[in-house]
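Since the structure is predicted, the reported quantities are computational estimates derived from the model, not experimental observations.
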Amino acid sequence: MGALDRFEKSVERLMNNAFAKVGRGGEVKAVELASRLRREIDDRAAVVGHDRTVAPNEFTIELSPNDFGQVQSWGAETLADELATNLTEYAASQHYAFVGPVSVTFEEHQELSGGRFQLRSATVRGNVAPATNPAPSTRHPLIDIDGQRYLLTGPVTVIGRDAEADIVVDDPGVSRRHLEIRVAPEGVVATDLGSTNGLFVEGHQVPAATLLDGNTMTIGRTRIMFWTGTSAGRPNEDW
């Protein structure tokens, strides 16, 4: 089963088959949005180094008033998350890299007719990016949180339950701003941000620790695995 087929079935399941009807009467189909997003990163992916191709990571989809209203009624946030996940999977298959989190948002465009949409994209650096390769890069360390992998693309990454954290963890044992990971030329340091339940590295509670390749951190009930590339944390690096 292809990525788009899985995407369509996933969205239909989440939306109680609402998308099975999308596209009638000149309305936009969710699978058309996914296809257009994939073409966008193909068209705008840029080779920035040996074996490194960076793709845009922030996308805005402009919809007609009628289609925008339909998307809102189905659940715009859930659809956006599904589109971003599908796009991340596609990027991995094409060996594209991101420099920040992948996001999809919807905007209403009064001049568009039903069934038509416009897409804008941008490459925006963030503190984390979804890992499209299972190994750490030579530029950025990698962490695995319950199977979800992230590249640490910024100097400081905050992990916690707060919606403003760089990585949001849905764990009641995790504080709103629980853990900071700081990448510097001299090493990668994990620091407890005064959390309720503390930070454990290799089973030992610590206020802070310099991380080594393969270390395991625990916050609440969440386990975080850490790996580093050979030159992670180099200052003033290119994409």
Side-chain angles (χ1 to χ4, degrees), residues 1-8 10-11 19 22-23 27-64 67-68 71 76-142 148-155 157 166-167 229 231-232 234 236-239:
M1 182 182 295
L4 284 178
D5 292 331
R6 292 196 301 273
F7 165 75
E8 193 168 29
S10 175
V11 171
F19 285 103
V22 178
E27 294 176 348
V28 168
K29 287 185 178 180
V31 71
E32 291 175 349
L33 299 178
S35 294
R36 181 64 184 86
L37 285 166
R38 299 199 325 174
R39 290 199 304 273
E40 180 74 5
I41 65 169
D42 283 339
D43 292 344
R44 296 202 56 197
V47 177
V48 296
H50 179 64
D51 293 332
R52 182 165 169 81
T53 302
V54 171
N57 58 295
E58 290 193 0
F59 304 86
T60 302
I61 300 173
E62 297 178 342
L63 300 167
S64 70
D67 288 327
F68 183 78
V71 166
E77 184 176 348
T78 302
L79 175 56
D81 288 345
E82 286 294 316
L83 287 167
T85 298
N86 178 263
L87 197 58
T88 302
E89 292 176 354
Y90 177 70
S93 73
Q94 301 302 306
H95 306 291
Y96 296 148
F98 298 116
V99 298
V102 177
S103 67
V104 178
T105 57
F106 301 100
E107 289 184 0
E108 184 176 359
H109 194 298
Q110 293 293 334
E111 297 180 1
L112 287 174
S113 57
R116 300 183 65 85
F117 62 91
Q118 297 177 168
L119 177 63
R120 304 194 311 270
S121 65
T123 301
V124 181
R125 182 177 291 276
N127 285 336
V128 295
T132 54
N133 187 303
S137 75
T138 58
R139 297 168 176 82
H140 308 297
L142 180 148
Q148 182 66 51
R149 295 190 169 195
Y150 304 89
L151 290 176
L152 305 183
T153 51
T157 300
D166 297 305
I167 301 176
S231 56
R234 291 182 304 180
N236 301 320
E237 63 188 9
D238 295 331
W239 281 352

Task: Heavy-atom pair of closest approach, residues Glu40 and Ser121 - done: OE2-OG, 2.5 Å
Open item on the list: Just so I know, are the side chains of Asn57 and Thr123 near enough to count as touching, which here means a heavy-atom distance under 4.5 Å?
Closed with: yes
Task: Candidates Leu119, Ile61, Thr60 - the one meeting side-chain contact (heavy atoms from CB on, under 4.5 Å) with Val104 - done: Ile61
Task: Validation row: Glu108, Leu63 side chains within 4.5 angstrom (heavy atoms) - done: no
Open item on the list: Let's go through Tyr90 and Asp42 carefully: what are the C-alpha distance in whole Å and the side-chain angles of both, what is the deciding distance for side chain to side chain contact (heavy atoms under 4.5 Å, CB included) to 0.1 Å, and is it a yes or a no?
Closed with: CA-CA 10 Å; Tyr90 177 70; Asp42 283 339; 2.6 Å; yes
Task: Gln94 atom CD, neighbour heavy-atom count above 12 within 6.0 Å - done: yes
TODO: I would like to know whether Glu82 and Asn86 meet side chain to side chain contact (heavy atoms under 4.5 Å, CB included); could you show each step before the answer?
DONE: CA-CA 6 Å; Glu82 286 294 316; Asn86 178 263; over 6 Å; no
Open item on the list: Minimum heavy-atom separation for Phe117 and Leu112, please, with both atom names.
Closed with: CA-CD1, 4.0 Å
TODO: Please lay out, stage by stage, how Val128 and Leu151 fare under the test side chain to side chain contact (heavy atoms under 4.5 Å, CB included).
DONE: CA-CA 6 Å; Val128 295; Leu151 290 176; over 6 Å; no
Task: Gap between atom CD of Glu111 and atom CZ of Arg116 - 0.5 Å precision - done: 12.5 Å
- [ ] Indicate the atoms forming the closest heavy-atom contact of Pro130 with Pro101, along with that distance.
- [x] CD-CA, 3.9 Å
Open item on the list: Has Thr132 got a side-chain atom pairing as donor or acceptor with Tyr96's backbone, closer than 3.5 angstrom?
Closed with: yes
Open item on the list: Keeping Thr153 on the side-chain end and Gly126 on the backbone end, is there a donor-acceptor pair under 3.5 Å?
Closed with: yes
TODO: May I ask you to decide whether Arg36 forms a salt bridge with Glu32, counting only side-chain N to carboxylate O separations under 4.0 Å?
DONE: no
Open item on the list: Set out, in order, the CA-CA distance, both residues' side-chain angles and the distance that settles side chain to side chain contact (heavy atoms under 4.5 Å, CB included) for Phe59 and Leu37, then state yes or no.
Closed with: CA-CA 8 Å; Phe59 304 86; Leu37 285 166; 3.6 Å; yes
TODO: Could you tell me whether the side chain of Asp67 and the main chain of Gly114 form a donor-acceptor pair under 3.5 Å?
DONE: no
